[in-house]
Amino acid sequence: MSGMPSHEIELFLVHRGRPVPLGLFKFGVGLVLWGGAIAAIFPIAWVDLWLLALYALPGIWLVDWGSRMSLDGVTDLISRWGWRRMRAGRAMTLDRAGVRYRGDYADGAELSVPWAQVSETVFQTGIEGSWWFCLRAPVPVQAGLVAQRLAWSPAQWAAAIAAGSATVAQRRIHENVLWFGTPFAVNLEVCPGARVGSLDRALDSWTTGRLRCRPPQPAWWKPPPFPSVGRARQRERRARTGE
């Protein structure tokens, strides 16, 4: 995919769970950063207390970075362990023609819209708190997906699920519409091989810059902002003024 022109590629995003090796790597690196920052306090204090004072901000920064990365790694592992009990996940295919979506990639009705019908791309938080990549577009009536079902209340859906008349794919598409306002939504963090940079460049090419993929938070490997007295005072000022 990386060696092909953006107008020729097809991007396939499917929910399969977070990679176990990546989760272990995050946890290990985070533990090293966190433990190293704590362990460094003792030799630095033994050398000079003034040096320890200078180390305070860098030390806090390293502990913060290590804690975040370790927690992220543990979250990945827990998510992957829980994924084994789930059925095949949502799937989104993007190419030059538009976007295609399945609520269940193994057995689900496929929805599709051209790029002209996609008004914008946004990131929204899902039920579990992670960021989902959403494409705003009208709900298409295709492949047996009855429009009336998308307008059902939760009670109607509960009755349909109990009766076995609503498929897994239909329920997931309905969940997307209720939570995100569009059926076209995926969690890139649980799509192995999903590269934000490649997706952003492809969308930029296919829609002449109208649609992009730009997450609101940095990649997991990027460190948090370095703490500074000026930034801390700015946060305090904003908290007092309610900005």
*Asks:* Is the side chain of Arg90 donor-acceptor paired with the backbone N or O of Asn187 at a distance under 3.5 Å, no angle test?
*Replies:*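 Side chain of Arg90 to backbone of Asn187, a donor-acceptor pair under 3.5 Å: no, none is there.
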
*Asks:* Look up atom CG in Leu62 and atom CG in Leu57, then write down how far apart they are to the nearest 0.5 Å.
*Replies:*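 Here the interatomic distance stands at 11.0 Å.
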
*Asks:* Quick one: CZ on Arg210 to CG on Asp204, what's the gap to the nearest 0.5 Å?
*Replies:*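 It comes to 11.5 Å.
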
*Asks:* Check Pro138 against Val113 and note the closest heavy-atom contact, atom names and distance.
*Replies:*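 Minimum heavy-atom separation between Pro138 and Val113: O-CG1, 4.2 Å.
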
*Asks:* Looking at CG of Asn176 and SG of Cys134, how far apart are the two atoms once the value is rounded to the nearest 0.5 Å?
*Replies:* 7.5 Å

*Asks:* Check the orientation of Phe123 and Phe133. Use parallel for under 30°, tilted for 30 to 60°, and perpendicular for over 60°.
*Replies:*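 Aromatic pair Phe123/Phe133 classed tilted.
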
*Asks:* Is the shortest side-chain heavy-atom distance between Arg100 and Asp95 below 4.5 Å?
*Replies:*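 Sidechains of Asp95 and Arg100: in contact.
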
*Asks:* Determine whether Val32 and Ile38 fall in the same hydrophobic cluster, where Ile, Leu, Val, Met, Phe, Trp and Tyr are linked whenever their side-chain heavy atoms lie under 4.5 Å apart.
*Replies:*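 As far as the 4.5 Å side-chain criterion goes, Ile38 and Val32 are not connected within one cluster.
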
*Asks:* To the closest 0.5 Å, what do you measure between CG (Leu33) and CH2 (Trp61)?
*Replies:* 8.5 Å

*Asks:* Return the CD1 to OH distance between Ile173 and Tyr101, rounded to the nearest 0.5 Å.
*Replies:*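 Spacing of CD1 (Ile173) from OH (Tyr101) equals 7.0 Å.
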
*Asks:* For a quick test of your reading: what N or O donor-acceptor pairs under 3.5 Å do the side chains of residues 39-55 make, sequence neighbours left out?
*Replies:*
residue	atom	partner	partner atom	Å
Asp48	OD1	Trp50	N	2.8
Tyr55	OH	Ala37	O	2.8

*Asks:* Got a sec: does the CH2 of Trp115 have more than 12 other heavy atoms crowding it under 6.0 Å?
*Replies:*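 Counting other residues, nucleotides and ligands, CH2 of Trp115 exceeds 12 neighbours.
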
*Asks:* How many angstroms lie between CH2 in Trp131 and CG in Leu188, if you round to the nearest 0.5 Å?
*Replies:*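 Here the rounded value is 12.5 Å.
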
*Asks:* For residues 113-123, which residue pairs qualify under salt bridge (charged side-chain N to carboxylate O under 4.0 Å, His left out), counting only residues two or more places apart or in two chains?
*Replies:*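 Non-adjacent pairs meeting salt bridge (charged side-chain N to carboxylate O under 4.0 Å, His left out): Glu120-Arg136.
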
*Asks:* May I ask you to test the Trp65-Val29 pair for a side-chain heavy-atom distance under 4.5 Å?
*Replies:*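 SC-SC contact between Trp65 and Val29 ruled out.
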
*Asks:* Check whether any side-chain heavy atom of Val118 lies under 4.5 Å from a side-chain heavy atom of Phe184, and answer yes or no.
*Replies:*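 Of all side-chain heavy-atom pairs linking Phe184 with Val118, none is under 4.5 Å.
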
*Asks:* With sequence neighbours excluded, tell me which residues meet side chain to side chain contact (heavy atoms under 4.5 Å, CB included) with Trp179.
*Replies:* Ile127

*Asks:* Looking at Ala137 and Pro183, what are the two nearest heavy atoms and their distance?
*Replies:*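 Where Ala137 meets Pro183 most closely, the heavy atoms are O-CD, 4.4 Å.
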
*Asks:* In a check of side chain to side chain contact (heavy atoms under 4.5 Å, CB included) between Met92 and each of Leu135, Leu111, Leu11, which one passes?
*Replies:* Leu135

*Asks:* Specify the closest pair of heavy atoms between Asp200 and Arg214, including all atoms of both residues, with the distance to one decimal.
*Replies:* OD1-CG, 4.0 Å

